[in-house]
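Side-chain atoms are counted along with the backbone in the values below, which use heavy atoms only and exclude waters and symmetry mates. For ligands, and for the atoms within them, numbers begin at 1 and follow the listed sequence.
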Amino acid sequence: MKLTVLGCLGAYPYNGEGTTGYLLQSGDFSVLLDCGSTTLVQLEKMFDPLKLDGVILSHYHHDHIADLGVLQYYWQLHPQRNPDKVLPIYGHTLDNEHFEELTLENVTKGIAYHETELLEFGPFSVTFMKTIHPVPCFALRFVEKTTGKVFVFTGDSGYLEGFNEFAKDCDLFLADTYLFRGNEHHKAHFTSLEAGTFAKNARAKRLVLTHLPQFGDLAQLQQEAQEAAETIPVELAAVGKVFEI
Ligand code: ZN
């Protein structure tokens with residue numbers, strides 16, 4: 001499978017770069033993972049948005065769904081869209097108001113996922129874990145069925161012991177790392193130290209830091225995570241970067 005970064009800043013866009021959005025592909029199946037600000041314009045540069053097979057959302061904070069409404073309009077109004085094809089958008093139902101907005105009649109359809117249920121989603125089996133965050137948010141673990149490769153995305157989360165198990169032996173661990181070392185046990189986000197430590201404990205093969213801060217030295221953030229991750233390679237997400245998993 002292949003992961004392409006469309007946006008990787010936390011909270012708000014800055015200096016021409018946007019917030020959380022990724023394109024996850026396996027064979028000819030393409031999924032949008034979160035849909036923050038600038039996701040759609042970045043996607044248009046590299047992939048036809050009408051060819052998406054689905055969207056899956058970790059939670060409904062603005063920096064993860066800012067472009068969802070315009071993606072729905074894209075599907076609704078684009079002259080080349082096949083009117084018989086409806087875009088499935090997967091989200092949780094712990095916030096019903098937002099969940100209902102995932103459906104735009106005959107255009108997109110909201111589909112519920114649940115923490116206790118395995119989701120069969122095209123070439124992926126997906127499991128979920130509720131994270132530490134001010135609103136309900138879920139980490140996602142994708143297993144590519146044909147290869148057994150595992151990709152784990154933390155969503156947004158503060159320190160949560162469960163990641164040691166949830167991310168176990170994954171091939172790529174994409175971790176919310178909004179904070180520098182010294183701010184551990186924050187209510188909403190990992191620090192560099194925590195991201196690196198979870199990667200090490202889970203024996204992840206690679207760690208990619210995302211949901212990055214607008215300010216401060218990102219090389220330092222990476223270095224702090226690398227010290228905690230020990231021998232596991234640590235990289236920073238960046239717009240346009242592609243990770244083969
Ligand atoms: Zn959030």
(message) Any N/O/S atom from Asp63 (main chain or side chain) under 2.8 Å of the Zn ion (ligand 1)?
(response)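 Of the N, O and S atoms in Asp63, none lies under 2.8 Å from the Zn ion (ligand 1), which means no.
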
(request) Flag His59 as yes if one of its N/O/S atoms falls below 2.8 Å of the Zn ion (ligand 1), otherwise no. (result)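 Yes, since at least one N, O or S atom of His59 sits under 2.8 Å from the Zn ion (ligand 1).
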
(request) For the residue pair Phe142 and Phe151, categorise the inter-ring angle as parallel (less than 30°), tilted (30 to 60°) or perpendicular (more than 60°). (result)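 Aromatic pair Phe142/Phe151 classed parallel.
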
To make sure I understand the geometry: which N, O or S atom in [X] is closest to the Zn ion (ligand 1)?
{"X": "His61", "result": "ND1"}
{"X": "Asp156", "result": "OD2"}
{"X": "His133", "result": "NE2"}

(request) Quickly, which of Tyr113, Tyr90, Phe128 forms a ring pair (Phe, Tyr, Trp, His ring centres under 6.0 Å) with Phe121? Name it, please. (result)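 Only one of Tyr113, Tyr90, Phe128 forms a ring pair (Phe, Tyr, Trp, His ring centres under 6.0 Å) with Phe121, namely Tyr90.
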
(message) I'd like to check His64 versus Ser58 (side-chain heavy atoms, cut-off strictly below 4.5 Å). Are they in contact?
(response)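 Contact flag for His64/Ser58 side chains = yes.
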
(request) Please confirm whether the backbone N or O of Thr191 pairs with a side-chain atom of Thr177, one donor and one acceptor, at under 3.5 Å? (result)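 No; zero donor-acceptor contacts below 3.5 Å.
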
(message) Determine whether a donor-acceptor pair (N or O, by modelled atom type, separation under 3.5 Å) exists between the side chain of Gln76 and the backbone of Tyr74.
(response)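 Answer holds: no.
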
